[in-house]
Amino acid sequence: MRVQNEYVLKLIEKGERIDGRALDEYRLVQVEKGVIQNAEGSARVKIGNTEVLAGVKLAVEQPFPDKPEEGLLIVNAEFSPIASPLFETGPPSEEAIELARVVDRGIRESKAIQMEKLCIEPGEKAWAVFIDIHIINHAGNLLDASALAALAALLDARFPGWDGQKVDYTVRGDKLPIQHKPIAVSFTKVGNTFLLDPNLEEESVMEGKLIITSKEDGNICAIQKTGPLVLRLEEIDDLLGKAGKYAEKLRRMV
Amino acid sequence: MRVQNEYVLKLIEKGERIDGRALDEYRLVQVEKGVIQNAEGSARVKIGNTEVLAGVKLAVEQPFPDKPEEGLLIVNAEFSPIASPLFETGPPSEEAIELARVVDRGIRESKAIQMEKLCIEPGEKAWAVFIDIHIINHAGNLLDASALAALAALLDARFPGWDGQKVDYTVRGDKLPIQHKPIAVSFTKVGNTFLLDPNLEEESVMEGKLIITSKEDGNICAIQKTGPLVLRLEEIDDLLGKAGKYAEKLRRMV
Amino acid sequence: MRVQNEYVLKLIEKGERIDGRALDEYRLVQVEKGVIQNAEGSARVKIGNTEVLAGVKLAVEQPFPDKPEEGLLIVNAEFSPIASPLFETGPPSEEAIELARVVDRGIRESKAIQMEKLCIEPGEKAWAVFIDIHIINHAGNLLDASALAALAALLDARFPGWDGQKVDYTVRGDKLPIQHKPIAVSFTKVGNTFLLDPNLEEESVMEGKLIITSKEDGNICAIQKTGPLVLRLEEIDDLLGKAGKYAEKLRRMV
Amino acid sequence: MLKRADGRKPEELRPITIRAGVIEQANGSALVQMGKTTAVAAVYGPKSMYPRHLRLPDRAVLETIYAMVPFSTKERVRPGPSRRSIELCKVIRQALEPVIFLEEFPKAQIDVYIDILQADAGTRTAAINAASVALADAGVPMRDLVSAVAVGKIDGEYVLDLTSEEEDLTACDLPVAVIPRKEQVTLMQLDGDVSPEDVKKLVRLALKGCQTIYQKQREALKRRWIDEGAK
Amino acid sequence: MLKRADGRKPEELRPITIRAGVIEQANGSALVQMGKTTAVAAVYGPKSMYPRHLRLPDRAVLETIYAMVPFSTKERVRPGPSRRSIELCKVIRQALEPVIFLEEFPKAQIDVYIDILQADAGTRTAAINAASVALADAGVPMRDLVSAVAVGKIDGEYVLDLTSEEEDLTACDLPVAVIPRKEQVTLMQLDGDVSPEDVKKLVRLALKGCQTIYQKQREALKRRWIDEGAK
Amino acid sequence: MLKRADGRKPEELRPITIRAGVIEQANGSALVQMGKTTAVAAVYGPKSMYPRHLRLPDRAVLETIYAMVPFSTKERVRPGPSRRSIELCKVIRQALEPVIFLEEFPKAQIDVYIDILQADAGTRTAAINAASVALADAGVPMRDLVSAVAVGKIDGEYVLDLTSEEEDLTACDLPVAVIPRKEQVTLMQLDGDVSPEDVKKLVRLALKGCQTIYQKQREALKRRWIDEGAK
């Protein structure tokens, strides 16, 4: 393990990677929508061997008292133990909670969903959008894959029926009012180098990541520094400048 | 322990049991109803040294959305640590949950309770029947004792008062609408032999059980294979044929 | 530790204490109200190095069915791990729950709050008074400090606004209807001696405590014997006789 | 003189039944009925304590678990510990500890489980009465039994062994446990609003009641030993 | 003859797809689709068991965790174990145990995780089919595979492999798992109201269905081995 | 220029008070008030880590627990961890780790507990400021302190140290923690909708604010050491 780690580190110092990619090159990204019939929207995202499923379910609930004229958004992630020997059964881990909350912030802060169009009866009834992220195989870079899957599932989603009393899940109505496409790009620091889309070996030697979620107009809607990483101002400037470009490439996939 | 186990096994091979019973003979079965005054219905069942208490409580709740014109049935079992050194404090064990669910299915699937007669106001209010099973002493064959106690407690139960607003537990009204008497019989496999009503020693060497719950008309309303037992088709046929006969004997006790 | 303990014990046998106090002498008691702006009422109590914060929050809830014309009182204590190496994170310990319940009983049984004046709409809406006790530093005698802080916070509390629909926490209205001032005094038995306001060293060698909460008129509204202490009748008589006097001294502080 | 709803005199206990040895699987057990309140207690141990790091080098750890069965009350009790039951586990444990020679079993644990099958006030005192007999039935060495009862004050009169109806009328609810031979109090709690003089008199009334209960406890153990001897 | 909503004959299985080796991180894995029901299983182990005190001296411990993904059903499923899923973990484990040579791995544990991605009845039988292939894919030594399917009785006719629509119509729901070569039953549950004769015939129908599923399981493993060999 | 509700200039911090050594029982502690936000931090350790299997052979484990006191906000906070507080524990820990010489204490653990007594925005940054002083007060060897503040953009202007009123107006909320002497960022989060250029400028504004806070932290530690020396 240790020998392997040093090899990975040395390669990266030279600007190379164990799987031959360029530092800013993603593995093969595949997005498939509509994969789960019982979900109102769903998507499978594969980035290399990493595989993530996102499902959107809708229900009618009472709006939050401070936002009586808006729908509700709930993002949840489960790191299923099927996906990795590192994952355990039980309540969501610190990592799963952080991932879900970063994905949530990207969608919420970009106003990707027109939340006011989810209101049915102000203060009484509104659509609640549940986005569940389910990891199928963990081969690195879960965050970028999860955020992409969540967005793709939202774009796939359609309203079920509603007769004023109960939801009819056999109906597949209009699309959800999605107006923006936030995309998360994780810049991963290994040694003194930043790279994109780390695999598991690279994550095992990384210092941490700066995750930047941006919109079509290049504006930034969420940032999260994760791991015991430190960042110099010039590094931050550099990554902020690049995030939009890489996001745009991923955005074309959904 | 191991010596004891081999002795039990050898006896059973010869068709004998350590307490001298025939293979299909129950220990002394005693059923006593009305043992708990604060319960709407209750029963104590003893089978040999095994002792189980079942209590029925009624409350008014909202019916399930998919069954707006029916009452609710909730069966719960607690393996109290008073009853055995094998039981621990804490949330119900896998065994306790399985037992409660098998008892529940026998009652539910046989339509023992006329659930539609528990409805007070469709979609709004109906009686919820809580059956709680409490083990007092565990000397083997908890399932048969628990299912019998649950049925006896149901037969003992009477509605409390209801004035449209709240329940008056000081009133003891009509009996519950019970129309069938499902009885569970556990066939326990030890070596190549099936026996009834195992004691603790026999349970410690068993392969598992096939639990068959049947009604007065001989129809079967619940089956559960439990333990790492395998069953041949002829064995299943044989047990299916016998279940009703043994159930009838127990049914006469309630 | 053991040597220290024996020294503490020997001193107390002689009627002396390691910090030079008389057996029935409290450390410096300081009460400061209005220390938390977001609470409807709050108080910090210091007894020597022991420091406790109590906060009162009000919300509108449904009254309990058996008391439709009264408000609700909820007392909760958290032994924050900031306060002592003895405290751990997680749900409240047995000790924290006992402390909260003894404080609760003193307030409830003395009718310190005119609960019927908290009713807004009988059976439908009433003020719920949440008293949260938060330990900042544990240097002995948490109970007396907590009960005092809870009372001081109640006396400091004012109603927020209520427009019939929701609570407006920016408004600071009338005082709560407080009509009595219950005070808890813990008599701590070390060897054969009872003393007041034990410090940590004294608590580490005590047998236990008799906690007596009394009102202005000398009546007793709560008692709790805590610890594996035994009490003779004369001891009880003696402590019952003294509780009111010491309570009066503390009462003057709030 | 106060007329009690069940016809008792103020200083009269409810009918009390005590049986030792009711749970065959336990090392010791007892059933106590005080009026309509029924408690059953089982003792498992002394036995080696796990996990090891909780062992005490010089004495056994006593664990008491008090629980109400869901159908023991008018309103169904949700299973699992409540804040009330957590407090009761603690005061019951501390009512029993003073009589047990825990120091005879270093590194061991003794588990006392108490289930309330039916509740009509006085469940903690019935629990203590049952637990104390169950401990003796298990052969755990003890200085004495512990006996317990609740007292109150209704219409100015001191009354022994409250029912739940009486709990709504009393000026105070004062459960007391004592070591009968030494007349020492091991549990004392009070809810209410009464004078110190009232409390003094009530404790004495409770002690008197406990002496009667003590006789019943001893008789139950005697019956159990005779039965055992007869086997 | 009964007309089934999806056009199947009474004794016809839903379209079934089985793929082995779908999760790269796992020691073995499989995906099973039976109609609209999709189960994915992953095996981790055999590996040393922790915590140590749970180790068995003479065999491995088999752990099975069955979970429904929140968006697998029409009404969203709340994450975390339910009473239903706890029971299913147990019966699935006991359906698999009889075929695994657990005694070859003393002190070890074998974890089988099963996620239901989409549910349209028969999730426990799909779970068993997937788990059994995943165990074989992981190279865990087994006597045989286990194959499973649910059967029922609609309008007097025996039907194989129920959908959730059919679950609302059937006189009984009878999931069965078998060791196909020995024709031994390792899981058998029933909900309903049917005669003993019905049950006998239904078990035979299930066994017949299982033989077909068994072929699909073996083909999936063969494809996997050929693919691997080709690498 | 923007008029702030509390009269501050855009680039002005709220009144800040820092006191070290406020909890006698802790190895180190600190209280930080930034406007109406109050955080108190306590450090216990370095000490031997339990359970043993979580020990790291080459460094200490840092544990940070962030909790809001129930009465710290307008709506009462329910006690116990929330998803928000679990995330904050993680980012706070990772903001502090880079400055602590954890490798000096193999197999040990250092616990940092932070309670928010009063919340008016900026609780995570106040928590970091308090924790960092508490660690120094405990004598834990550190490369430098960590200083933190949140910045935002209101009506086109960059503003330092947001209140909760301002959080409702800002185009983004950007909490930042830095190692002041090296000008390295150890915490950075953002909620909002702003251009990359905005972020660059805001980080610089935060850094400037942190330098002022850093002076206050050092003064608090100096006062504490002088007080101690005087004893």
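Order of the sequence lines fixes the chain letters, A, B, ..., with proteins taken first and strands second; residue numbering starts at 1 for each chain.
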Q: Nearest 0.5 Å, please: how far is CD in B/Glu98 from CG in E/Leu88?
A: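 If I round to the nearest 0.5 Å, the distance is 10.5 Å.
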Q: Just wondering, more than 12 heavy atoms not from E/Arg83 lying within 6.0 Å of its CZ?
A: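 Counting other residues, nucleotides and ligands, CZ of E/Arg83 exceeds 12 neighbours.
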Q: Please classify the contact of B/Thr226 with chain E as side chain, backbone, both or neither, using a heavy-atom distance under 4.5 Å.
A: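 When you check distances to chain E, atoms from both the backbone and side chain of B/Thr226 fall under 4.5 Å.
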Q: Find the one option among B/Glu235, B/Lys215, B/Arg232, B/Glu207 whose heavy-atom pairs under 4.5 Å with chain E are most numerous.
A: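 Max contact count across the listed options: B/Lys215.
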Q: Answer with side chain, backbone, both or neither: which region of E/Arg93 has an atom nearer than 4.5 Å to a non-hydrogen atom of chain B?
A: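 Looking at E/Arg93, just its side chain touches chain B.
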Q: Can you tell me which portion of B/Lys111 sits under 4.5 Å from chain E's heavy atoms? Options are side chain, backbone, both or neither.
A: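 For B/Lys111, there is no contact with chain E at all, as no heavy atom is under 4.5 Å.
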Q: Who among B/Ile212, B/Ile220, B/Leu210, B/Leu233 has the most heavy-atom pairs with chain E under 4.5 Å?
A: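 Looking at each option in turn, the highest pair count goes to B/Ile220.
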Q: Return the minimal non-hydrogen interatomic distance between E/Pro196 and B/Gly218, and the atom names on each side.
A: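 Minimum heavy-atom separation between E/Pro196 and B/Gly218: CD-O, 3.6 Å.
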Q: For residues B/Asp237 and E/Lys200, report the shortest heavy-atom separation together with the two atoms involved.
A: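 That would be OD1-CG, 3.2 Å.
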Q: Distance from B/Glu95 atom CD to E/Lys90 atom NZ, nearest 0.5 Å?
A: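 B/Glu95 CD to E/Lys90 NZ: 5.5 Å, rounded to 0.5 Å.
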Q: Would you indicate whether B/Glu25, at its atom CD, is surrounded by more than 12 heavy atoms from other residues, nucleotides or ligands within a distance under 6.0 Å?
A: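 Yes, enclosed.
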Q: Above 12 or not: heavy atoms from other molecules or residues under 6.0 Å from CD of B/Glu88?
A: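 No.
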Q: Inspect the surroundings of CD in E/Glu103 and state if more than 12 heavy atoms from other residues, nucleotides or ligands are less than 6.0 Å away.
A: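 Enclosed: over 12 neighbouring heavy atoms sit under 6.0 Å from CD of E/Glu103.
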Q: Quick one: what part of B/Ile236 sits under 4.5 Å from any heavy atom of chain E, side chain, backbone, both or neither?
A: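 For B/Ile236, the side chain is the part near chain E, not the backbone.
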Q: Once rounded to the nearest 0.5 Å, what's the spacing between atom CG of E/Asp191 and atom CZ of B/Arg108?
A: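 Interatomic distance, E/Asp191 CG to B/Arg108 CZ, rounded to 0.5 Å: 9.5 Å.
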Q: Distance-only, no hydrogens or angles: does the B/Lys225 side chain make a donor-acceptor pair with backbone N or O of E/Gln94 under 3.5 Å?
A: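 Between the backbone of E/Gln94 and the side chain of B/Lys225 there is a qualifying donor-acceptor contact (under 3.5 Å).
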Q: For the NZ atom on E/Lys208, are there more than 12 heavy atoms of other groups (residues, nucleotides or ligands in this structure) within a distance under 6.0 Å?
A: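 Atom NZ in E/Lys208 is not crowded, with 12 or fewer foreign heavy atoms closer than 6.0 Å.
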Q: With a 4.5 Å cut-off on heavy-atom pairs, point out which of E/Asp198, E/Val199, E/Val203, E/Leu207 contacts chain B the most.
A: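 If we count pairs closer than 4.5 Å to chain B, E/Val199 comes out on top.
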Q: Quick check: are there more than 12 heavy atoms from other residues, nucleotides or ligands sitting under 6.0 Å from CD of B/Glu69?
A: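 Open.
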Q: For the residue pair B/Pro228 and E/Pro98, what are the closest heavy atoms and their distance?
A: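 Nearest heavy atoms, B/Pro228 then E/Pro98: O-CG, 3.8 Å.
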Q: Whether E/Glu87 and B/Arg101 form a salt bridge (side-chain N of Lys/Arg under 4.0 Å from carboxylate O of Asp/Glu) is what I want to check.
A: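 So B/Arg101 pairs with E/Glu87 through a salt bridge.
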Q: Going through the distances and angles, do E/Val91 and B/Gln224 end up as a side chain to side chain contact (heavy atoms under 4.5 Å, CB included)?
A: CA-CA 9 Å; E/Val91 296; B/Gln224 183 91 337; 3.6 Å; yes
Q: Quick check for you: among E/Glu97, E/Arg204, E/Glu183, which has the greatest number of heavy-atom pairs under 4.5 Å with chain B?
A: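 Most pairs with chain B among the choices: E/Arg204.
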Q: Count the heavy atoms of every other residue, nucleotide or ligand shown that sit under 6.0 Å from CG of B/Asn192, and state whether that count exceeds 12.
A: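 No, CG of B/Asn192 has 12 or fewer neighbouring heavy atoms, counting only those of other groups under 6.0 Å.
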Q: Does CZ belonging to B/Phe64 count more than 12 external heavy atoms closer than 6.0 Å?
A: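 Incorrect, the count does not exceed 12.
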Q: Could you tell me the separation between the CG atom of B/Leu240 and the CD atom of E/Glu197, rounded to the nearest 0.5 Å?
A: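 Between B/Leu240 CG and E/Glu197 CD, I get 8.5 Å after rounding to 0.5 Å.
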Q: Could you tell me which portion of E/Ile86 (side chain, backbone, both or neither) has an atom closer than 4.5 angstrom to a non-hydrogen atom of chain B?
A: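 Both backbone and side chain of E/Ile86 come within 4.5 Å of chain B.
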Q: Flag the pair E/Asp173 and B/Arg105 as a salt bridge only when some basic side-chain nitrogen lies within less than 4.0 angstrom of an acidic carboxylate oxygen.
A: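 The answer is no: the pair does not qualify as a salt bridge.
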Q: Rounded to the nearest 0.5 Å, what's the gap from CD1 on E/Ile179 to CG on B/Leu231? Could you check?
A: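 Going from the CD1 atom of E/Ile179 to the CG atom of B/Leu231 covers 10.0 Å.
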